[in-house]
Amino acid sequence: MPNSELVDERVTEEQHTGPVDLLIGIAGAVRAEELQAHVSKLQGLAQAHIAVAYPGSGKPESVPAADAGFRLVPYSVAAADPASLPWVVSAAAQRAICTLAAELDAKACVVVHGDLIAFDTAHIQSLSHAVAEKGCDLILPVYPSRKYEALLNHGILAPLTRALYGQRVRYPLPPDFGCSPQMFRKLSTARDLGDGGLLWPSVQAAASNYQVCQVNLDVHHATQTEGLELSAVLASLAGSAFAEMDAMAAYWQRVRSSHATATFGSTAAQVGDGEPADTKPLIDSFLLGSRNLQEIWGLVLPPVTLLELKRLTRVSPEAFRMPDSLWVRIIYDFALAYRLRKMNRGHLMGALTPLYLGWVASYMQEVAALSPIAAEQRFEQLARAYEEEKPYLVSRWRWPDRFNP
């Protein structure tokens, strides 16, 4: 690796200093001294020409020089609304990084979260190696997680992605990922969903028939939902999935089954079960929603689903279980209502919240006595239910008037 000074530079024709073998983009604000400390520790990367992209003003004095063999390249992102959720801000940064990678004609690009937990030699190698050595276009992470973590991802985002687009990926909306030139060019021009829109690399890859791989990363990002209203989180994440679903309907209705995704690297050690949560408040929220939201649920859900939910209100808390088929059809019906704009989308996603809490309570009680491995298998069972119920979704999507509450 060349022993050159670390330089901060704008990307202009005059300042291009040669090809970029690897662009490492940081999708989030980072302090200059923290960035410098991390970059100085990057050793052993095989690529000869490496650029590190960070959100900044581009002033040379903003980052101290160091004898590390990398150059720093600032990128700009439109000023975010102070009320923007963290993953919305990250999505804008991810898109900007992919655009910069295309401008630099990089041979590979790795995007890491702004917390810099994945910003080290081992993790960057894991995310970039599959591009050069395995022919992968998109490399997604598989993170270790406790039984009661990432339930929104495991209960909605991942299985929905699998059923719709045929991609068996664990984290379809990742904070870290690697991509090939054709992949980051695709992401740089991905359709903008407007305010609050998110970048869905796995969906873009599936629609373009690009090769998707996964790599096990021993990375534990802090939760980004701390202190946020659950209804706002659902509206943003599940709402974005529904919006992407609407935009890609012509594609996913042709997908008949899912396929396995090549996964590399050793599985990280399980981080334990985590603290079991008290499910009574969750069930109470479901029961309260059942009493207060019948009118809204009746605009979204067919009579048979409403009947099944009514039965759930009559069981004891210990026996509370929401069948997979019921939960999946609820998600599909809310996705259709989101598309048809049957009501204000904020109100719609608010009405989904107690149903989601009911599913969480059911899942937690079901896996409480299971090992982490058995809990993982439980998610596989749920994912299969999403696939099995897909004909229901396609039928409702194509002929929504067949059921008009």
Side-chain angles (χ1 to χ4, degrees), residues 22-28 87 90-91 93-95 97-98 101 108-115 117-120 122-145 149-150 152-188 190 198-221 224 237 240-241 244 248 252 255 258-268 376 379-380 383 386:
L22 175 64
L23 176 70
I24 305 168
I26 301 169
W87 46 86
S90 294
Q94 290 172 349
R95 190 189 301 270
I97 291 166
C98 290
C109 176
V110 169
V111 176
V112 297
H113 190 273
D115 61 14
I117 294 176
F119 193 96
D120 60 38
H123 292 124
I124 289 171
Q125 282 182 327
S126 296
L127 289 168
S128 62
H129 175 77
V131 173
E133 303 296 329
K134 305 294 184 180
C136 300
D137 291 301
L138 176 65
I139 304 91
L140 298 175
V142 177
Y143 303 113
S145 63
E149 289 180 339
L152 179 54
N153 176 75
H154 299 332
I156 300 178
L157 305 184
L160 182 63
T161 298
R162 169 171 165 167
L164 293 180
Y165 310 106
Q167 297 280 8
R168 295 184 191 177
V169 296
R170 290 294 305 277
Y171 292 89
L173 201 62
D176 314 297
F177 59 89
C179 46
S180 69
Q182 66 175 357
M183 187 72 242
F184 61 64
R185 288 190 175 92
K186 179 69 175 179
L187 294 176
S188 71
L198 302 179
L199 194 64
W200 290 84
S202 57
V203 175
Q204 296 295 325
S208 300
N209 198 29
Y210 291 167
Q211 182 67 36
V212 178
C213 305
Q214 297 183 125
V215 61
N216 287 295
L217 289 188
D218 190 8
V219 169
H220 306 280
H221 292 293
Q224 296 182 297
L237 294 175
S240 176
E244 193 76 3
M248 302 294 292
W252 60 255
V255 176
S258 67
H259 55 82
T261 301
T263 304
F264 308 111
S266 302
T267 303
E376 290 287 325
F379 286 131
E380 171 64 21
Y386 269 85

Below 4.5 Å, heavy atoms only, C-beta onward: do [X] and [Y] meet side chain to side chain?
X: Y165; Y: E244; result: yes
X: F119; Y: I24; result: yes
X: L140; Y: Y171; result: no

Compare every heavy atom of [Y] with every heavy atom of [X], then report the nearest pair and how far apart it is.
X: A108; Y: F184; value: C-CE2, 4.2 Å
X: V112; Y: A118; value: CG1-O, 4.0 Å
X: I139; Y: A130; value: CG1-CB, 3.6 Å
X: D218; Y: H220; value: OD1-NE2, 3.3 Å

Nearest 0.5 angstrom please: [X] [atom1] to [Y] [atom2], how far?
X: L173; Y: S240; atom1: CG; atom2: OG; result: 6.5 Å
X: I97; Y: L187; atom1: CD1; atom2: CG; result: 11.0 Å
X: Q125; Y: L22; atom1: CD; atom2: CG; result: 10.0 Å
X: I117; Y: L217; atom1: CD1; atom2: CG; result: 11.5 Å
X: K186; Y: C179; atom1: NZ; atom2: SG; result: 13.5 Å
X: W200; Y: Q167; atom1: CH2; atom2: CD; result: 13.0 Å

Going through the distances and angles, do F264 and H129 end up as a side-chain contact (heavy atoms from CB on, under 4.5 Å)?
CA-CA 10 Å; F264 308 111; H129 175 77; over 6 Å; no
What side-chain donor-acceptor pairs closer than 3.5 Å can you find for residues 152-162, not counting sequence neighbours?
| residue | atom | partner | partner atom | Å |
| --- | --- | --- | --- | --- |
| N153 | ND2 | R170 | O | 2.8 |
| T161 | OG1 | L157 | O | 2.8 |
| R162 | NE | E387 | OE2 | 2.6 |
| R162 | NH1 | E380 | OE1 | 2.9 |
| R162 | NH1 | E380 | OE2 | 3.4 |
| R162 | NH2 | E380 | OE2 | 3.0 |
| R162 | NH2 | E387 | OE2 | 3.1 |

Is a side-chain donor or acceptor of [X] paired with a backbone partner of [Y] at a separation under 3.5 angstrom?
X: T263; Y: T261; answer: yes
X: N216; Y: G265; answer: yes
X: S90; Y: W87; answer: no

Are V212 and S202 close enough, and set up right, to give a side-chain contact (heavy atoms from CB on, under 4.5 Å), and what steps lead you there?
CA-CA 8 Å; V212 178; S202 57; 5.7 Å; no
Under the side-chain contact (heavy atoms from CB on, under 4.5 Å) rule, what do V203 and W252 come out as? Steps first, then yes or no, please.
CA-CA 10 Å; V203 175; W252 60 255; over 6 Å; no
Determine, stepwise, if the pair L127 / V215 fulfils side-chain contact (heavy atoms from CB on, under 4.5 Å).
CA-CA 7 Å; L127 289 168; V215 61; 3.8 Å; yes
Once you find the SG atom in C213 and the one in C136, is the distance between them below 2.5 Å?
yes
Results of ring-ring contact (aromatic ring centres under 6.0 Å, His included) for Y386 - residues two or more places apart only:
Y332
Under 30°, 30 to 60°, or over 60°: which ring-plane class applies to H221 and H113, parallel, tilted or perpendicular?
tilted
